[in-house]
Amino acid sequence: MKKLISIVTLFFLLNSCSSESDTRYSLVLLPVESVEIPSEMTLGETYQFKMFYRLPSTCHDYNAIYYHKDLNVRTIAVESAVKIQNNCQELTENNLYECTFDFLVTSNGSYVFKFWQGKDEQGNDMFLEYEIPVID
């Protein structure tokens, strides 16, 4: 996951800002607080998944959904663009923000969805993990 964050950050920094802009950004992943997902899915159908997250500071903005697939496992997180500046203020309100994505069911069996929730004290990635069966 660290390697992925580094690659995404490097890509964003190299491609995002023109030389005329003095605002710089970096990309970080934000923990997913909770999700709304189906308990089962049907082959060939499309489902909308909702994720809820918090912005830690006034310099954080939603950028995209990080999405990685490996066979039937999907690893998902919220990606934030962070302005690199000195006047960022911590957001202390408990506002949850929502983002969604559509998921098309293309195979039988079941899917495992792993929603990134941050790191534990040892630096290991933590996930909300759901296995959703596909019915015919």
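Just so it is clear, the values below take in all heavy atoms, side chains as well, and ignore hydrogens, waters and symmetry mates.
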Can you pull the disulfide bond (SG atoms under 2.5 Å apart) pairs that have at least one residue in residues 34-87, sequence neighbours excluded?
C59-C88
All side chain to side chain donor-acceptor pair (under 3.5 Å) counterparts of [X], not counting sequence neighbours:
X	value
E131	S110
Y111	T106, S107
Y67	R74

Distance from [X] atom [atom1] to [Y] atom [atom2], nearest 0.5 Å?
X	Y	atom1	atom2	value
L128	I76	CG	CD1	10.5 Å
Q117	L29	CD	CG	13.0 Å
S34	F115	OG	CZ	10.0 Å
L27	E79	CG	CD	4.5 Å
M41	T46	CE	OG1	10.5 Å

Listed partners of [X] passing side-chain contact (heavy atoms from CB on, under 4.5 Å), at least two apart:
X	value
P133	E40
V73	T75, V112, K114
T100	Q48, K50, E98
E121	none

Do the side chains of [X] and [Y] join up, straight or via other hydrophobic residues, at under 4.5 Å, putting them in one cluster?
X	Y	result
V28	M126	no
V105	F101	yes
V35	V78	yes

In the hydrophobic cluster built from side-chain contacts under 4.5 Å, what are the other members alongside L96?
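Its cluster partners, ordered by chain and number, are F52.
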Please test I65 against C99 for side-chain contact (heavy atoms from CB on, under 4.5 Å), starting from the C-alpha separation and ending with a verdict.
CA-CA 8 Å; I65 294 174; C99 60; 4.2 Å; yes
Taking the six-membered ring for Trp, are F113 and F103 parallel (under 30°), tilted (30 to 60°) or perpendicular (over 60°)?
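It falls in the perpendicular class, over 60°.
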Would N63 and S80 satisfy side-chain contact (heavy atoms from CB on, under 4.5 Å), going step by step from the backbone distance to the final call?
CA-CA 5 Å; N63 185 58; S80 175; 5.7 Å; no
Ring pair (Phe, Tyr, Trp, His ring centres under 6.0 Å) filter on Y97, not counting sequence neighbours, yields Y53
Sorted by first residue and then second, give each salt bridge (Lys or Arg N to Asp or Glu O under 4.0 Å) pair with at least one member in residues 54-67; sequence neighbours left out.
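Those involving residues 54-67 are E33-R54.
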E129 meets the salt bridge (Lys or Arg N to Asp or Glu O under 4.0 Å) criterion, sequence neighbours left out, with none
Is there side-chain contact between L43 and N108, with heavy atoms separated by less than 4.5 Å?
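Yes, close enough: below the 4.5 Å cut-off.
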Between A77 and V32, what is the shortest heavy-atom contact and its length?
CA-CG2, 4.3 Å
